[in-house]
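The structure appears below as structure tokens.
This one's a predicted model, so the numbers in the text were calculated from it and none came from an experiment.
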Amino acid sequence: MLLGERPSPLALGGGAVIVVGVFVLTGGTRLIASVMRRPTSGSGETEDATRLVLYSSLRYGVASGLFIAAYTLWDHRGVSSLAIAPVLYDAGTAMTQLVLLAPFARRRGAELAHHWREHRRWVLGVALLAPAAYILVLTAMRLTPVSYIAPAREIGILFGAFLGVRLLREAHGYRRVAAAALVVCGVIALAVG
């Protein structure tokens, strides 16, 4: 709405399917079902704790969504309206993060040295691949409406769910992969719409 984009009804439906898929993927349906059940005798404390977890999760989820929306719109403005090259834009963001986080990292120098020694290969992989992935997102933002790009980024959820089930043997594997597939269907609806 802020950028004057008018997604089609199919694209809006795709966005809603993505939200539902993420909600199912993260176990939101089980949490709501446990809150909706009638309390049995002696389960008042458990019921209160479950409600607290549900409300906290919803608050943090909405807050995260708002922050992601804000920085996505900001990034879109930078690479589209201001025509800053995506590589330069990402480099400026990385430099800002470096300056802001360096004092905190300095206090944890021993921990950083340990992780560098033990996980250097993974650190370098993330250091190269994360910026490359975001530069691709920024490039796409120059070419496509942000209302399509922002939800399409969630396709990574499918890969994360699949790897979590296959490599980490996470619980509820079929539900996670099915929910991630729902997210992909929403992304397809966005692309077609």
Side-chain angles (χ1 to χ4, degrees), residues 1-26 28 54-108 112 115 122-161 163-164 179-180 182-193:
M1 289 181 342
L2 295 174
L3 300 175
E5 296 177 5
R6 299 290 178 255
S8 69
L10 181 61
L12 291 172
V17 167
I18 291 170
V19 170
V20 169
V22 170
F23 191 73
V24 170
L25 180 71
T26 57
L54 175 64
Y55 296 141
S56 293
S57 299
L58 289 173
R59 279 195 303 272
Y60 283 119
V62 169
S64 294
L66 290 173
F67 278 108
I68 290 169
Y71 81 69
T72 299
L73 291 173
W74 183 262
D75 291 350
H76 179 266
R77 184 175 189 282
V79 297
S80 291
S81 301
L82 302 177
I84 301 171
V87 172
L88 183 60
Y89 188 90
D90 191 64
T93 301
M95 187 58 68
T96 302
Q97 290 171 350
L98 177 68
V99 168
L100 293 175
L101 296 175
F104 299 101
R106 188 165 184 232
R107 285 185 236 148
R108 299 172 74 171
L112 288 172
H115 283 294
W122 297 105
V123 169
L124 291 172
V126 170
L128 294 173
L129 294 176
Y134 203 64
I135 288 168
L136 291 174
V137 169
L138 293 171
T139 302
M141 282 185 193
R142 294 180 92 169
L143 307 171
T144 307
V146 73
S147 57
Y148 294 160
I149 296 298
R153 290 171 51 194
E154 302 310 316
I155 196 105
I157 289 174
L158 176 63
F159 298 113
L163 292 174
L182 193 62
V183 171
V184 171
C185 289
V187 169
I188 291 169
L190 277 173
V192 171

Next on the checklist: So for atom CZ, which belongs to Arg108, do other residues, nucleotides or ligands contribute more than 12 heavy atoms lying within a distance under 6.0 Å?
Outcome noted: no
Item to check | Atom of Leu112, atom of Ala105 and distance for their closest heavy-atom approach | outcome: CD1-O, 3.3 Å
Checklist entry - Shortest non-hydrogen contact from Gly14 to Ala189? => result CA-CB, 3.7 Å
Item to check | Interatomic distance, Leu88 atom CG to Ile135 atom CD1 [nearest 0.5 angstrom] | outcome: 10.0 Å
Checklist entry - So which of Val137, Leu138, Thr139 actually passes side-chain contact (heavy atoms from CB on, under 4.5 Å) with Ile149? => result Val137
Item to check | side chain to side chain contact (heavy atoms under 4.5 Å, CB included) evaluation trace for Thr93 with Tyr134 | outcome: CA-CA 11 Å; Thr93 301; Tyr134 203 64; over 6 Å; no
Next on the checklist: To the nearest 0.5 Å, what is the distance between CE on Met141 and OH on Tyr89?
Outcome noted: 8.5 Å
Checklist entry - Which atoms form the tightest heavy-atom contact between Leu82 and Gly78, and what is the distance? => result CB-O, 3.5 Å
Checklist entry - Of all heavy-atom pairs between Gly21 and Ala179, which one has the smallest distance, and what is that distance? => result O-CB, 3.4 Å
Checklist entry - Can you tell me how far the OG1 atom of Thr72 sits from the NE2 atom of His76, to the nearest 0.5 Å? => result 10.5 Å
Item to check | Least distance between heavy atoms, Arg142 atom then Pro86 atom | outcome: NH1-CD, 3.1 Å
